[in-house]
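All of these numbers come straight from a predicted model, not from anything done at the bench. Below, all heavy atoms of this structure are taken into account, side chains as well, without hydrogens, waters or symmetry copies.
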Amino acid sequence: MANDNHLLSVTCYNVTMLNHYYYSEFFELGQQKINFNFYELSLPADDPVFTLKKVMEEMDFTALLAQYSGKGKRGFNPIMKYGVLTYANMRGVREIDRIVELCKRDLAFIWLTQGVQPKRDAFYDFINKKLTGEILDDLNYQLLRRLKKEGLITLESLFIDGTKIEANANRYTFVWRGTLNYHLVRLLDTIDALYSKYNAFLKENGYDKKYGLGQARMFIIEGMDKVREVIAKNRKRKLTKHKKLSNNRIIEIDNCSPLDMLKLQKNLSLIADGEGIRFVCGKGKRKSEIQQLYEELEACGRKLLEYKESFEIMGKDRNSYSKTDLEATFMRMKDDHMMNGQLKPAYNVQIAVENYFIIHGYVSNDRTDYNTLIPVIQKHIRAFGEILKEATADSGYCSEKNLLFLKEHNIESYIKLQDHEQRKTRAYKENIGKYYNMTPQTFEDERYYICHDGRELRHIRTEEKKMEGYTQTVEVYGCTDCGGCEHKARCLYKYDPEKDEDKNKIMKINEQWEGLKERSHANIQSEKGILNRQIRSIQTEGHFGDIKENDDFRRFHHRTEDKVYKEFMLYAIGRNINKYHRFLCDKLHKFEGKQEENAA
């Protein structure tokens, strides 16, 4: 028993001494500053920070340094700040406060800053005032030219796709065009009543002749009749529990000015001064009729000015905006904070990719992708000249304007058509009312079609319509007599035997648009087109999956389109250098199509 107690005491003594050693080793260092060379601290040889430094050494920062003057106190090195921000984005860190903290504690950041510790104000001033979108594009293009020299990219092929990233704006601060139109109608009715009240007031009291004032006429806003019709229809549809009609009609409100109402207020002030009527305010004081009319005009004028400012902010290309970030548009996201499909303020982010590298970034507040393809291609042409040979995108970019632009610049289109899946169906191939299922014929340079019943559809006229950036030409074909045709029900759109018995077949064909579609469809059906579609889906959608899931980049930190673009481009440059580092380390290889697995 004694021996057991002795062993127990020895064990407890050893544990106590060991714990004391651990405490002394960690807490009793004796000084706050230690010699790190003694501990031989160093970064791994394959750390991406060395690749970043290597890339930056061959970059030209003239445009960035031109933002600084030689006067005043010298601040932190702008090249160092750019390097720190880029490396932080390479590590998936975008918060400025977190970057400031890493500059104090992280060995790679300390090595980049050479021990200097920039403050958060220095970074915010650098991003907001010195670093522009054009400078970021220039620095990214310098990196891309280096990659081209090393054979990693050719800049002759682009794979384009887009996604929506939530803006730094409150979710429920929306302003809708349809709501503005609805309230504007009610306001105009009130203003109309005030104009009538004003004219009646002048006439009843004889002020029009006494002061030489004429009858006031209400201003007219074009398009309001259509808005009123939709409102009336929606009231009926609400009673029958039908879905409301869209009321997003663009109203020309430029000629409508609150200054017209201000003139009436000045006339009322002139009358009040001439008649010795004082305007009063406060509890227990009764306002005169002229003062009440004056204040009603003032309130309506102020409200009209608010609506006009809202329409100017919104512009003609979108139907909503956020009060927190005026340049953000409400868009349908795949899920929100409550895991449903509510609308949230967001930006449409586009990327053009080649061999995993982001060649271009583009940020817009347009909800669709139609209007984003041309700006991306134009950026490529301005940066690298007319070297682009092909562009691949999904059906969201398929429009006559886009395909015509690509054709004019000798760029092959590998854009999926919107009816790509429908073309595979039997219903598409057996629709006898469509021109592509008719037999085209030519007689004396005149084109006509033979329908399913063997009747001729001759050319009737040519219609032209001015579109934004191009002219749309439509050829109209028609049959002179469809009487007795047994295929009318299948051929004519929404055929009614009672009403459409004497109706003949009329067919409108945009031959330029149809030709562009057929060429693009033939391209994507080819062997190269199938490979391009694989590359696009893997690389562009892979980028967005990595951005949103792995790096949790679902919401911007900055506001306004310019700052949002800079935030995204810093992140894109960081991703590019990460990809370059992986190529150098032989961890990533060029994608050349899916490799077929050998059978077991």
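Counting heavy atoms from C-beta outward, Phe568 and Tyr362 have side chains that stay 4.5 Å or more apart.
Side-chain contact, Asp551 with Tyr571: a donor N or O sits under 3.5 Å from an acceptor N or O. Under the 3.5 Å distance criterion, with hydrogens and angles disregarded, a donor-acceptor pair is assigned to the side chains of Thr173 and Ser322. Between the side chains of Thr392 and Arg536, no donor-acceptor pair of N or O atoms lies under 3.5 Å. Between the side chains of Asn402 and Glu400, not a single donor N or O lies within less than 3.5 Å of an accepting N or O. A donor and an acceptor atom, one from each side chain of Asn168 and Asp325, are nowhere located under 3.5 Å apart. Tyr347 and Asp366 share no side-chain donor-acceptor pair at under 3.5 Å. Judged purely by distance below 3.5 Å, without hydrogens or angles, the side chains of Glu408 and Tyr470 never pair a donor atom with an acceptor atom. Checked by atom type, the side-chain pair Lys548/Thr163 shows a donor-acceptor distance below 3.5 Å.
Residue pairs meeting the side-chain hydrogen bond (donor to acceptor under 3.5 Å, both in side chains) criterion with at least one partner in residues 373-383, sequence neighbours excluded, are His360-His380, Lys379-Tyr565. Among pairs with a residue in residues 75-86, none fulfils side-chain hydrogen bond (donor to acceptor under 3.5 Å, both in side chains), at least two apart in sequence or across chains. Residue pairs that meet the side-chain hydrogen bond (donor to acceptor under 3.5 Å, both in side chains) test with at least one member in residues 48-63, sequence neighbours left out, are Thr51-His581, Glu58-Arg146, Asp60-Thr62.
Classification of the Tyr141-Phe384 ring pair by plane angle, with boundaries at 30° and 60°, yields perpendicular. Under the 30°/60° scheme for interplanar angles, the aromatic rings of Phe174 and Tyr172 are found to stand perpendicular.
Distance check: Ile411 CD1 to Leu403 CG gives 11.5 Å after rounding to the nearest 0.5 Å. Between atom CZ of residue Phe553 and atom CD1 of residue Ile165 there is a gap of 5.0 Å, rounded to the nearest 0.5 Å. Phe330 CZ to Asn365 CG: the interatomic distance, rounded to the nearest 0.5 Å, is 12.5 Å. The line from CD of Glu134 to NZ of Lys566 is 9.5 Å long, rounded to the nearest 0.5 Å.
Among residues two or more places apart in sequence or in another chain, the ring-ring contact (aromatic ring centres under 6.0 Å, His included) test is passed with Tyr321 by none. Not counting sequence neighbours, the partners of Lys129 by the side chain to side chain contact (heavy atoms under 4.5 Å, CB included) test are Asp125.
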Side-chain atoms of residues 153-160: list all donor-acceptor pairs with protein atoms under 3.5 Å, sequence neighbours left out, distances to 0.1 Å.
| from | atom 1 | to | atom 2 | distance (Å) |
| --- | --- | --- | --- | --- |
| Thr154 | OG1 | Glu156 | N | 3.3 |
| Thr154 | OG1 | Glu354 | OE2 | 2.6 |
| Ser157 | OG | Glu390 | OE2 | 3.0 |

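Formation of a donor-acceptor pair under 3.5 Å by the Glu412 side chain with backbone atoms of Lys389 is not found in this model. Side-chain atoms of Ser520 come within 3.5 Å of backbone atoms of Ile415 as a donor-acceptor pair (strictly under, hydrogens ignored). Formation of a donor-acceptor pair under 3.5 Å by the Asn89 side chain with backbone atoms of Leu85 is found in this model. Formation of a donor-acceptor pair under 3.5 Å by the Asn128 side chain with backbone atoms of Tyr124 is found in this model. A donor-acceptor pair is defined here as one N or O able to donate and one able to accept, closer than 3.5 Å; such a pair exists between the side chain of Arg533 and the backbone of Ile524. A side-chain donor-acceptor contact under 3.5 Å links Glu327 to the backbone of Glu561. A donor-acceptor pair is defined here as one N or O able to donate and one able to accept, closer than 3.5 Å; no such pair exists between the side chain of His420 and the backbone of Ser395.
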| Audit row: Tyr87, Trp111, ring pair (Phe, Tyr, Trp, His ring centres under 6.0 Å) steps and yes/no | CA-CA 12 Å; Tyr87 185 65; Trp111 181 78; 9.0 Å; no

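Annotation: cation-pi pair Arg177/Phe311 absent, no NZ/CZ under 6.0 Å from the ring centroid and within 45° of its normal.
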